[in-house]
Structures are given as structure tokens and as C-alpha cells.
**Student:** 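One structure, pasted below without further comment.
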Number of protein chains: 2
Amino acid sequence: MEFLETRITDIESQLHQAGLKLTPQRRATVSTLLHNCEKHLSAEELFTLVRKKETDIGLATVYRTLEILFELGIVNKINFEDGMSRYDLRLSDQGHFHHHLLCKVCGKVQEVHEDLLLDVEEEVKNKFGFEVTDHRLIFHGICADCLAKKK
Amino acid sequence: MEFLETRITDIESQLHQAGLKLTPQRRATVSTLLHNCEKHLSAEELFTLVRKKETDIGLATVYRTLEILFELGIVNKINFEDGMSRYDLRLSDQGHFHHHLLCKVCGKVQEVHEDLLLDVEEEVKNKFGFEVTDHRLIFHGICADCLAKKK
DNA sequence: AGGATTCTGAGATTAATTTTAAATAAAGAG
DNA sequence: CTCTTTATTTAAAATTAATCTCAGAATCCT
Ligand SMILES: [Zn+2]
Ligand SMILES: [Zn+2]
Ligand SMILES: [Zn+2]
Ligand SMILES: [Zn+2]
């Protein structure tokens with residue numbers, strides 16, 4: 001769990017550069033997010049988790065913290081069309097957003113970290129003159145587990 | 001404007017197959033959507049447009065109609081992370097969702113109708129055993145117009 | 001006509017998110 | 001170490017998109 005602290009210190013300096021502080025509440029929020037980075041938590045879900053460690057925090061603060069982290073490009077805000085935004089840490093070395101596989105049978109969300117879109121972005125640039133800086137890609141379908149069960 | 005009527009008749013029979021009716025309110029909603037198919041209207045925006053033609057319609061009906069059309073696969077529901085769902089007609093011959101280019105300078109949304117992801121889906125199938133049935137792809141970046149102005 | 005079914009508008013309701021206002025904590029200057 | 005400023009917090013209120021309720025209207029079937 002060494003690198004988690006490193007990551008938090010990292011985020012702290014990003015906040016400082018923007019004239020913001022890493023308060024205990026924000027630290028708890030970021031830490032909880034780091035410990036659950038593959039879960040795509042909603043603000044409320046994150047809130048209940050954070051509360052277990054840092055009881056002195058309100059839901060609005062979690063929302064505000066997430067908004068700040070989003071503005072700074074530290075977290076991603078994803079919408080799986082289930083009625084609320086979900087949050088996801090952007091890996092520091094990744095320029096691009098990772099992709100998601102959303103199983104319509106069991107609801108599981110799987111991550112794809114390979115950037116599969118470089119060719120496609122090249123094509124978009126050539127055909128439309130559009131300069132891509134980021135992307136959102138969600139595949140809907142049936143995951144390996146559910147396919148296996150089906151048979 | 002010939003083909004629009006054809007399309008509406010088309011949709012009417014799809015509704016009938018599902019035991020539903022194309023009421024005047026639904027007709028007005030569909031028609032307005034057809035006339036603004038490239039605009040990615042929200043439910044409220046669509047409602048105010050529909051109201052100009054068919055004054056006897058409520059917001060709930062527009063929401064209900066959009067939900068039905070979505071269930072039948074006639075419209076797409078897209079989330080551009082601006083706080084509400086936007087709706088989009090699915091072209092009858094397209095199995096897959098089309099893609100969008102979202103300019104972060106002027107906010108314009110451009111459509112890409114080529115399916116650029118066939119190879120990528122193949123890779124997802126091979127690597128993860130995930131069977132893709134549909135996808136959502138949004139490119140964020142700067143459109144050709146805004147790039148030109150910048151210089 | 002009469003009865004079942006589907007639809008509708010208006011307003012009430014829900015749930016996610018944002019804002020407000022007053023209190024608190026931290027940072028900087030002298 | 002005070003005074004001052006600025007950033008942050010909480011809890012409650014407000015906002016907003018979306019859904020639900022329900023009594024009345026339209027449509028369909030016989
Ligand atoms: Zn599954
Ligand atoms: Zn993710
Ligand atoms: Zn579109
Ligand atoms: Zn632009």
C-alpha cells in the first residue's frame with residue numbers, strides 16, 4: 001500500500017497548484033477512491049464508504065471533491081445510464097480514458113486498458129478534421145461468464 | 001419531406017406490432033424528432049418544439065413516448081454528461097449506434113455514421129470473451145471549425 | 001350502447017446534484 | 001503570536017431531470 005500514499009501526495013500537489021487544499025475530508029475521499037478504483041462507485045456509494053473512516057464528512061463534500069478531482073482530470077465521470085454518475089481514477093500515465101465492457105445480463109463492468117482507438121482517431125482526424133483529445137467507449141454485450149452459463 | 005411520412009408509417013406499424021397506438025401526441029413527437037434528427041434534443045427541448053405544433057400535449061407524454069421508442073430500438077438515448085439524456089433517431093438500416101464527435105470549444109456535436117469499431121469488437125471478443133451487441137463511442141476534442149479559427 | 005383497454009395531462013413525487021448561509025479551519029502578513 | 005483573508009465545511013434548502021399517480025378521454029371489441 002506504499003504507492004497509494006505516493007499517489008495521494010501526488011494529488012495533493014496537483015490540488016496545491018490549483019490553489020486548493022487537501023483537507024482531511026478530501027484526503028479520506030481520495031483514499032477511499034484509491035482503495036476501490038475498479039468499482040466505479042457512485043457519489044453516494046463512495047460517501048457511505050468514506051463515512052466508515054472519516055465520520056465527520058457530509059455528502060455535499062463528497063460531491064464537491066469529486067467535482068474538483070474531475071475538473072483537474074484526476075477522476076473520470078462515467079455514465080452507465082443507470083441514473084447517476086460513477087467515478088473512476090484516471091491512471092497517471094494514461095493519456096486516454098480506458099474503456100468499459102458492460103454486461104447486460106449480470107450488470108458487471110469490466111475495464112479494458114489497452115487503447116484500441118489509435119487507428120480510429122487517425123481516421124477521424126483525416127476524414128473530419130477533428131482533433132481528438134479523449135474518448136468514451138462503452139461496449140454493451142454479454143460477458144464471458146454469462147456466455148458460459150448460457151450453454 | 002416524402003420519406004418522413006414513410007418513416008412515420010414505418011414506426012406506426014412497429015408500434016402496432018407491440019400492441020401500441022400512434023396517437024396524435026405520439027405522432028407529433030415522432031414527427032418533431034424526425035425533423036430535428038441531427039440535433040440531439042433533450043426531452044424538455046423536444047417538448048417545447050412539439051408544443052408549437054400540437055398544443056395538447058404534456059411533458060409526461062413526451063417522456064413516455066421517448067421511453068417506448070427507446071424500448072423498441074427506434075431512438076437512442078445518449079448521455080453527453082450535461083445533466084440530461086438526449087435523443088437521437090436510429091437509422092433503420094444501422095445495426096449499431098453511430099458515433100459522436102463532441103467539440104469542447106463550441107459544444108457542437110457531429111455524427112459519424114461509419115462503423116469504425118468492427119476490428120476493435122473482434123479484439124474484445126478474442127481477448128475477453130465478451131460478445132459485443134452494441135457500443136457507445138464519443139470522441140472529445142476540437143472540431144475542424146474551431147481548429148481553423150484558432151490559427 | 002357497454003365494457004375492456006390504452007392513453008393522456010396536470011400535478012405530485014422521487015432521487016441526484018447543487019446551492020446557500022453560517023460556522024470552522026487554515027494560511028499569510030505584520 | 002494576533003489580525004485578516006481565503007478556502008472549506010456542514011446541514012438544510014433548492015433545483016432539476018425523470019417518473020409516477022390517477023381521474024378523465026379516446027379507442028377498440030362485441
Ligand atoms: Zn455477465
Ligand atoms: Zn473504469
Ligand atoms: Zn447522433
Ligand atoms: Zn468546435
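Keep in mind that what you see is a predicted model, and the values were worked out from it rather than measured. Every chain is numbered from 1 and lettered A, B, ... according to where its sequence line falls, protein lines coming before strand lines.
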**Student:** Is the phosphate of D/dA7 approached by A/Arg26 (side-chain N or O, under 4.0 Å from OP1 or OP2)?
**Tutor:**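 So the side-chain polar atoms of A/Arg26 never come under 4.0 Å of the phosphate oxygens OP1 or OP2 of D/dA7.
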
**Student:** Using a strict heavy-atom distance below 4.0 Å, which residues from residues 12-24 of chain A are in contact with DNA chain D?
**Tutor:**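 Output list: A/Leu20, A/Lys21, A/Thr23.
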
**Student:** Show which side-chain atoms of residues 116-126 of chain B pair as donor or acceptor with protein atoms under 3.5 Å away, not counting sequence neighbours.
**Tutor:**
unit_1   : atom_1 : unit_2   : atom_2 : d
B/Glu121 : OE2    : B/His135 : ND1    : 2.6
B/Asn126 : ND2    : B/Glu122 : O      : 3.4

**Student:** May I ask you to decide whether A/Arg86 forms a salt bridge with B/Glu81, counting only side-chain N to carboxylate O separations under 4.0 Å?
**Tutor:**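 A salt bridge is absent here (no side-chain N lies under 4.0 Å from a carboxylate O).
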
**Student:** Expressed in angstrom and rounded to an integer, what is the separation of A/Ile57 atom CD1 from D/dT8 atom C1'?
**Tutor:**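 Taking atom C1' of D/dT8 as the reference, CD1 of A/Ile57 is at 11 Å.
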
**Student:** To the nearest Å, how far apart are B/Phe70 CZ and D/dA18 P?
**Tutor:**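 Whole-Å distance recorded here is 12 Å.
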
**Student:** Using whole Å, report how far CD of B/Glu81 lies from P of C/dT18.
**Tutor:**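 Atom CD in B/Glu81 sits about 12 Å away from atom P in C/dT18.
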
**Student:** Distance from A/Leu89 atom CG to A/His40 atom NE2, nearest 0.5 Å?
**Tutor:**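 NE2 of A/His40 is found 10.0 Å from CG of A/Leu89.
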
**Student:** What does B/Gln25 touch in the nucleic acid at a heavy-atom separation under 4.0 angstrom: a base, only the sugar-phosphate, or nothing?
**Tutor:**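 Answer is sugar-phosphate: B/Gln25 comes under 4.0 Å of backbone atoms only.
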
**Student:** Is the shortest distance from a Lys or Arg side-chain nitrogen in B/Glu5 or B/Arg27 to a carboxylate oxygen in the other one below 4.0 Å?
**Tutor:**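 Salt bridge between B/Glu5 and B/Arg27, a charged N being under 4.0 Å from a carboxylate O: yes.
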
**Student:** If you take all heavy atoms of A/Gly141 and B/Thr133, which pair is closest and at what distance?
**Tutor:**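 What the structure gives for the nearest pair is CA-OG1, 3.6 Å.
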
**Student:** Given atom CG of B/Leu66 and atom C1' of D/dA17, what is their separation to the nearest angstrom?
**Tutor:**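 It is 13 Å, rounded to the nearest whole Å.
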
**Student:** For residues 52-68 of chain B, pull every pair meeting salt bridge (Lys or Arg N to Asp or Glu O under 4.0 Å), keeping only residues two or more places apart or in separate chains.
**Tutor:**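 Qualifying pairs: B/Glu67-B/Lys77.
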
**Student:** To the nearest Å, give me how far apart CG (A/Asn79) and P (D/dA18) are.
**Tutor:**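 Distance check: A/Asn79 CG to D/dA18 P gives 10 Å.
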
**Student:** What's touching nucleotides 19-24 of chain C from the protein side, N or O pairs under 3.5 Å?
**Tutor:**
none

**Student:** Indicate yes or no: does A/Glu114 engage B/Lys127 in a salt bridge with an N to O separation below 4.0 Å.
**Tutor:**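 Looking at B/Lys127 together with A/Glu114, the answer is yes, because their closest N to O distance falls below 4.0 Å.
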
**Student:** Quickly work out the B/Leu41 CG to D/dA17 P distance and round it to whole Å.
**Tutor:**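 From B/Leu41 CG to D/dA17 P: 14 Å.
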
**Student:** Tell me, please, which residues at least two apart from A/Asp115 pass side-chain hydrogen bond (donor to acceptor under 3.5 Å, both in side chains).
**Tutor:**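 With neighbours one apart ignored, the set is A/His96.
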
**Student:** Sort me out a list of protein N/O and nucleotides 14-17 of chain C N/O pairs below 3.5 Å, or just none if empty.
**Tutor:**
unit_1 : atom_1 : unit_2  : atom_2 : d
C/dT17 : OP1    : A/Ser85 : N      : 3.0
C/dT17 : OP2    : A/Tyr63 : OH     : 2.5
C/dT17 : O5'    : A/Tyr63 : OH     : 3.4

**Student:** Looking at A/Asp145 and A/Lys108, does any basic side-chain N land under 4.0 Å from a carboxylate oxygen?
**Tutor:**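 Counted as a salt bridge, because a side-chain N and a carboxylate O are separated by less than 4.0 Å.
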
**Student:** Using whole Å, report how far CZ of A/Arg51 lies from P of D/dT9.
**Tutor:**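 After rounding, the reported distance stands at 14 Å.
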
**Student:** With a 4.5 Å cut-off on side-chain heavy atoms, are B/Asp134 and A/Lys104 touching?
**Tutor:**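 The answer is no; the side chains never approach within 4.5 Å.
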
**Student:** Whole angstrom is fine here: how far is it from CD in B/Glu45 over to C1' in D/dT16?
**Tutor:**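 Interatomic distance, CD of B/Glu45 to C1' of D/dT16: 14 Å.
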
**Student:** Decide ring pair (Phe, Tyr, Trp, His ring centres under 6.0 Å) for B/Phe97 and A/His140; before the verdict, give the C-alpha distance in whole Å, the side-chain angles of both, and the deciding distance to 0.1 Å.
**Tutor:** CA-CA 11 Å; B/Phe97 199 70; A/His140 296 236; 8.6 Å; no

